[in-house]
Amino acid sequence: MRRALWILAVLLSHWRRHPMQLATLLIGLISATALWSGVQALNQQARIAYDRAAATFGGSRTAMLVSRDSATFPQQLFVDLRRAGWQVSPMLEGRVQIDGRSFRLLGVEPVTLPSEVGTAPAVGRGTLQAFVTPPGEMLVAPETLRDLARKEGERPQANGMSLPPLRVQAELAPGALVVDIGIAQDILKLPGQVSRLLVGKSKTPHATLDSVAGDKLHLVEPSAESDLERLTDSFHLNLTAFGLLSFFVGLFIVNSAIGLAFEQRLPMLRTLRACGVSARMLNTVLVIELVSLALVAGLIGLVCGYFIAAALLPDVAASLRGLYGAQIPGQLSLKPVWWFAGIAISILGALAAAAASLAKAIRMPVLATAQPQAWQQAQRRWLMFQSAAALAVFAAAAVLIQFGDSLIAGFAVLAALMLGAALILPMVLQIALAIGQRSARAPVGIWFWADSRQQLSGLSLALMALLLALAVNVGVGTMVDSFSRTFLVWLDGRLAADVYVSAASDAQARQIKAWLRDRPEVEAILPGGRADTQFGGAPIEVLGLPDHSTYRDNWPLLESAANAWIRLRPGDTCLVSEQLSRRMKLAIGDHIELPAPGGNWPLEIVGIYADYGNPKGQIAVNFAALTRHFPQTPLTRIGLRVAPDKIAPLITALQEKFGLDDRNVADQATMKRESKRVFNRTFSVTAALNAFTLGVAGIALLTSLLTLANSRLPQLAPLWAIGLTRRRLAALELLKTMAVALITALFALPLGLLVAWCLLAIVNVKAFGWRLPFHVFPLQLIELLAVAMAAALCAAALPVARLARMQPATLIRTFVNER
Amino acid sequence: MLRGVDLTVATGESVALTGESGSGKSTLLHLIAGLDAADSGEIALAEIIVSGLNDAGRAELRRDRLGLVFQQFNLIPSLTVADNLVFQSRIAGRHDATWHDELVERLGLKNLLRRYPEQLSGGQQQRVAIGRALAPKPLLLLADEPTGNLDEDTADEVLHLARDLVVRTGCGFLMVTHSARLAATLDRQVTLHAGVVA
């Protein structure tokens, strides 16, 4: 033990003498752990929220009975099934508008609620009486109470009636209002109707479903994954991919630091072996040293990761809310497993990054002497091997593009492209520098290119990190900008009305419409409505569009049958959203059966439209037809066409007359501004992670240059001795770094565009269900090129400045043989 | 490289191993030290058959029974002189404070203990290397061109010190050297020629 400690002390003494190298190693490990753990913390936080949502009285994690052909069914089936021995509990679900905002209303029957409904609040264990007897209670999450701007005990209005007093139940998912089923039936005006029956785990025998309910109901088995989890999988996969990329970039730094430290410590390791330290003991202590450093770095990285996650959480929550309607609390709460996983990933990452060096140490012969020629040949062989591996990885990517048909395959293509590009980069640089060397005439010029080539092996890992970071930046930047451009055009079409009004109730909507009809500045009143139903086993929205030129002229159709808008009028045709058409493989001319309260509604598809940002599938039908088939649809949304100079006075008049606030009435510009704000926020996490990755790559380059700087002296000192000034040498060194960084950046641009294409044509289609047009933004590319060069300049500045100011004595020492 | 070499170094004896470049001097030294393994033949150190040991056994032998001094000094650059001096004796579990103090005194390292190798001259570094090698009181001190990087006066001084300490510890001393002048100062001289004892 004491022997091992002595050896450990000797190994650690290297870091004391080379603090910059230690800092490099720790920075690499800390960045890798911090970014990875930060992203994992965000994912974990979101999953906790999904669990909470799923546990709200039986999401998809509880088995349930649903109607085969309509959104609701008679309560009598519940009574019949209970009598037949089924442990079922009824539930009615719908939406209510409170102060112009839509909330999910859940009616439950607390006495029969199965105990395995997860972490659902124990309704009634003390307050059952208050919950079920009028006026009852409306349970809400603390976040919902805040959203409603109400206090406990208050009774908001909806559908022309007072809702039960509000009571906070912390375990509930935000956005849900839970009441007794009888009260829900009154509020939703669905007497004697239920949406589904939750099925408890019954140990007693019961009659078959068919014998009790005929073919009216069917059993939906519980799913391990909630709807929200399924929907948001792609978002989290995106985040994880970024986290993983940052992690690998961080490991590049670690690998570079450990590799260099190993090279520098080689004589020390040989001396230790010569002094009688066995190979096994030496390697054991090397691993102990590495694990100790990884432990320290892992702990610091975890703390940094926590702060990164806390900083990004509001944007992630906004993204998830904007994209999927998922409610994520703004407070981070982490499980112990996150801390252990973070430490483990730091240790595993360090061991992986050090694997090559450790393997070399194991095989290290005690008597090996410096063999630069053999080393160079080994490097050349390695370069050839790396390039061959790159070509194989590119071939795998091509096969995946051709035959892969899943989100995972899309990410695999991206990973393969990036890995292949990183592997082939040293060869690309070698070729470019060799061409430069061949074209050089002046002796210093020839040295410049030749020395750059020699330096490549030490820099290639950092340059790979820079390549990956730049390519991801170009790729994601192009994707976001392509999306932004498409989104803005689409938004112009979708938000064609000049003013949008959201009434507090149907009655108020009727009053508003009556008042508006007498206003001469109102050119058109466009009523709107939205109903929810199930289609193809997933929830979808049914949108009612009035028959008006505003929609005919502006609504963004991707594909349509002839006279689609005219054919929409009778109510037997529909338009479907792009994501629904892709998911259900629906095409123009197809016929579908849409479950509606009065029975299935047969529709023919006459158009497909873009519906960016909507996690649910959507079907658009004629507004009048919607109100016929879904009579309970709230009719509170109204669009108005108004002369531009009359918009502001009309909004003021509406607000004064009906007591509406900014949330209930807004002009087109405000709506667009808000949509753009949500859009930008959605991608702000991506932008932040992009910046982090580029920053880490910059650090990788800086640390590689710093660690290389000392070993560069034997190459530079002879030039200084024959008359090149230190300043000129420093300038040449700077130029060399900039040259290789420029070649890398130029290589990163086409790679980044390829990444963007993959994101737009493969990943987005699989993840979100929409395909966006591919645009190239030359200005953005130039900007990134400039950022890359600035990063290289910053990274090279410190070692170059040191060289410019280096004392002649330091350079002379290179020639002194006494050491 | 070596063919039929038969060489014995007695306790307390100092032997110079000479020969032209490529004659196998250093190879022989490396084989004795267990740094390399011979294809055939036998090397014994006291009762231990070096050639029969595996890698771990040879490492143990170097740690506990041998002292090695190289032309390039091979000190650990990140350790101070004091730490370099005690390193081998500590890991061998054979640290003797009195002997250590005597070594420091006789090698003239008292004022250099807190310095790092890079802050020492070549002669000073070699004195530290000799101190490190003799600190665990080895059975045999092996030196490969220990004065090859030193000027004549410093070489004489270092070798004189090494011989004194070898006599003081009573260990054997086998030194590879090119210098006939230095070889002549030791008890016996063995010359290798093309892998055989001339």
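So that the names make sense, note that chain A is the first sequence line, chain B the second, and so on, each numbered from 1.
- Residue R188(B) places its CZ atom among more than 12 non-hydrogen atoms of other residues, nucleotides or ligands, all under 6.0 Å distant.
- Put simply, SG on C275(A) and CZ on R90(B) are 15.0 Å apart, with the number rounded to the nearest 0.5 Å.
- Of the listed residues M268(A), R17(A), R16(A), H14(A), the one with more heavy-atom pairs under 4.5 angstrom with chain B than any other is R17(A).
- Annotation: ring-ring contact (aromatic ring centres under 6.0 Å, His included) contacts involving residues 81-135 of chain B, sequence neighbours excluded, comprise H95(B)-H100(B).
- The contact between I91(B) and chain A is made by backbone and side chain atoms together, counting heavy-atom distances below 4.5 Å.
- For H160(B), the NE2 atom sits in a loose shell: 12 or fewer heavy atoms of surrounding residues, nucleotides or ligands are nearer than 6.0 Å.
- Within the 4.5 angstrom heavy-atom criterion, only side-chain atoms of Q88(B), from C-beta onward, approach chain A.
- Contact check for V10(A) versus D83(B): no side-chain heavy atoms found under the 4.5 Å cut-off.
- Within 6.0 Å of atom CD in Q189(B), more than 12 heavy atoms from other residues, nucleotides or ligands are found, so the atom counts as buried in its surroundings.
- At a 4.5 Å heavy-atom cutoff, R280(A) makes no contact with chain B through either its backbone or its side chain.
- The parts of R3(A) that come within reach of chain B are both its backbone and its side chain, each placing non-hydrogen atoms under 4.5 angstrom from that chain.
- With sequence neighbours excluded, no residue forms a side chain to side chain donor-acceptor pair (under 3.5 Å) with R63(B).
- For the atom pair CG (L35(B)) and CZ (R273(A)), the distance works out to 9.0 Å, reported to the nearest 0.5 Å.
- Listed here is the closest heavy atom pair of S278(A) and A59(B): CA-CB, 3.6 Å.
- No more than 12 heavy atoms of other residues, nucleotides or ligands lie within 6.0 Å of CZ in R114(B), so this atom counts as exposed by the packing criterion.
- Heavy-atom distances place the side chain of R132(B), and not its backbone, under 4.5 Å from chain A.
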